[in-house]
Protein chains: 2
Amino acid sequence: MEAPVVRGKVEAQIANDPEARAGGALPYELIELFFFAYRDFVSDPDRILAELEFGRAHHRVLHFVNRNPGLTIAELLDILKITKQSLNRVLKELVGTAFIEVRTGQADRRQRHLHATASGHALAARLAAVQGERIRQALQSVPASAHPAIEAYLTAMIDPEERKQVLSRIRKGPVG
Amino acid sequence: MEAPVVRGKVEAQIANDPEARAGGALPYELIELFFFAYRDFVSDPDRILAELEFGRAHHRVLHFVNRNPGLTIAELLDILKITKQSLNRVLKELVGTAFIEVRTGQADRRQRHLHATASGHALAARLAAVQGERIRQALQSVPASAHPAIEAYLTAMIDPEERKQVLSRIRKGPVG
DNA sequence: CCATATATGTCAGCCTTATTGACATATCTC
DNA sequence: GAGATATGTCAATAAGGCTGACATATATGG
């Protein structure tokens with residue numbers, strides 16, 4: 001998974017001259033660590049995806065469909081925050097290669113419910129496995145007592161307005 | 001800052017059927033938290049950059065030039081891991097808008113040493129300030145005793161072969 | 001039953017940021 | 001002077017976003 005362009009809401013408004021801020025020195029180390037950590041975090045899936053001629057966009061779609069079986073197009077657009085035109089291109093490819101299956105809604109026949117196929121599930125799990133392995137290894141370099149703090153920190157990095165929604169989607173129990 | 005595509009080296013090689021792994025459940029929560037955290041982390045600069053008709057590529061270049069005054073083209077390419085053609089496009093724009101200044105090397109006149117101008121420094125600081133504010137706020141939601149663990153965790157997420165180099169570049173002392 | 005709203009699909013064109021390959025120029029080093 | 005090195009540039013291509021416009025199927029409310 002890699003972050004798409006997102007137009008969220010302005011949060012911390014800081015005076016135009018940041019040098020004159022009250023807070024003092026900027027946390028350059030953490031800014032750069034986060035940048036490099038994320039860069040390498042997505043590099044593992046990238047290599048697997050390249051074998052299949054897929055990109056990060058495919059990964060994101062497959063990941064969330066696998067994690068949320070029966071997801072509709074509208075829900076997926078809301079998670080990914082991209083346009084339906086952009087989604088459609090990669091979704092078509094994932095359906096065409098039988099990693100994702102589309103089912104017409106029962107209650108509302110306008111809706112399309114997305115499901116990972118067996119091979120889609122396997123690929124999603126393989127991609128999550130390499131990322132999970134990096135996370136697991138990184139956690140080991142830190143006392144276990146600090147693990148909850150890491151989760152709390154990452155959660156607090158998310159826009160406050162989105163936090164609740166994100167957390168509710170995340171805590172679904174293992175689908176992998 | 002946002003991560004460019006990177007072709008690192010394969011690290012954790014996991015059996016093709018991740019379901020059969022020894023480790024057990026995959027850390028889906030941390031995978032998704034990292035994704036959403038990074039997405040929002042880059043959204044703040046994105047809004048400022050949009051005002052100036054700049055993109056993330058400009059941010060990355062300006063950031064590292066500001067942090068490493070006198071950086072050469074080759075060194076910058078090594079940090080960003082993009083091609084010189086890609087770099088040149090955004091660099092030209094940053095030089096054209098006088099956010100970055102190019103100086104011919106003294107010892108080696110083939111080299112170009114890059115420096116942020118006063119306005120480049122101000123913009124870089126402004127961008128770092130919004131990201132720093134998000135980080136500062138996130139750190140507050142965690143006991144201060146866990147702060148070193150967060151730094152250690154992010155460091156451990158970086159490819160081991162790159163870690164030393166990254167850390168040595170990061171620990172430069174405040175240039176902002 | 002009809003009008004309108006909703007969920008999705010699709011066409012066409014554009015932008016940014018990356019890529020590869022080829023080649024040019026200036027300068028340094030042996 | 002020959003060759004290596006640092007940088008610049010031209011051209012073509014690709015991925016993955018975007019906007020705008022429009023089509024279709026289905027639901028829903030009056």
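Naming: A, B, ... by sequence-line order, numbering from 1 per chain. Atom set for the values below is all heavy atoms of this structure, side chains included, hydrogens, waters and symmetry mates excluded.
- Distance, A/Phe54 CZ to D/dA14 P: 17 Å, rounded to whole Å.
- Note on A/Ala50: nothing from the nucleic acid sits closer than 4.0 angstrom, heavy atoms only.
- Among the nucleotides D/dT26, D/dC10, D/dG16, the one closest to the side chain of B/Gln85 is D/dC10.
- Taking for each of A/Ser86 and B/Thr72 the nucleotide of DNA chain D with the nearest heavy atom, the 5'-most of the two is the partner of B/Thr72.
- When the side-chain nitrogen and oxygen atoms of B/Asn88 are compared with OP1 and OP2 of D/dT7, none of them lie within a distance under 4.0 Å.
- Under 4.0 angstrom from either OP1 or OP2 of D/dT26 there lies at least one side-chain N or O belonging to A/Arg109.
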Step by step, work out the salt bridge (charged side-chain N to carboxylate O under 4.0 Å, His left out) result for B/Glu101 and B/Arg103. CA-CA 7 Å; B/Glu101 192 182 298; B/Arg103 301 183 199 154; 2.8 Å; yes

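- Straight-line distance from the NZ atom of B/Lys81 to the P atom of C/dT19: 12 Å, rounded to whole Å.
- B/Tyr38 and A/Phe41 have their aromatic ring centers separated by at least 6.0 angstrom.
- Between A/Leu87 atom CG and C/dA7 atom P the separation is 15 Å, expressed in whole Å.
- With no hydrogens or angles considered, no side-chain donor-acceptor pair links B/Gln106 and B/His113 at under 3.5 Å.
- When rounded to the nearest whole Å, the span between CZ of B/Arg89 and C1' of D/dA11 equals 15 Å.
- Nearest to the side-chain atoms of B/Asp108 among the listed nucleotides C/dT8, C/dT10, C/dC28 stands C/dC28.
- Picking from D/dT9, C/dA5, C/dG9 the nucleotide with the shortest atom distance to the side chain of A/Lys84 gives C/dG9.
- Look at CG on B/Leu52: it is 16 Å from C1' on C/dT16, rounded to the nearest Å.
- For A/Arg56 and D/dA15, the shortest distance from a side-chain N or O to OP1 or OP2 is not below 4.0 Å.
- Relative orientation of the B/Phe34 and A/Phe34 rings is perpendicular, given thresholds of 30° and 60° on the angle between their planes.
- Contact annotation for A/His58: backbone-only contact, meaning every heavy-atom pair under 4.0 Å involves sugar-phosphate atoms and none involves a base.
- Two rings, from B/Phe64 and A/Phe35, have their centers less than 6.0 Å apart.
- In this structure, NE2 of A/His59 is placed 16 Å from C1' of D/dG16, rounded to the nearest angstrom.
- In the interface, the side chain of A/Arg112 is not paired with the base of C/dT8 through any donor and acceptor atom under 3.5 Å apart.
- For A/Thr83, a side-chain nitrogen or oxygen approaches OP1 or OP2 of D/dC18 to under 4.0 Å.
- Spacing between atom CD of B/Gln111 and atom P of D/dT5 amounts to 13 Å, rounded to whole angstrom units.
- Nearest nucleotide to the side chain of B/Ala57, out of C/dT17, C/dT19, C/dA7: C/dT17.
- Rounded to whole Å, the distance from CD1 on B/Ile82 to P on D/dA14 is 21 Å.
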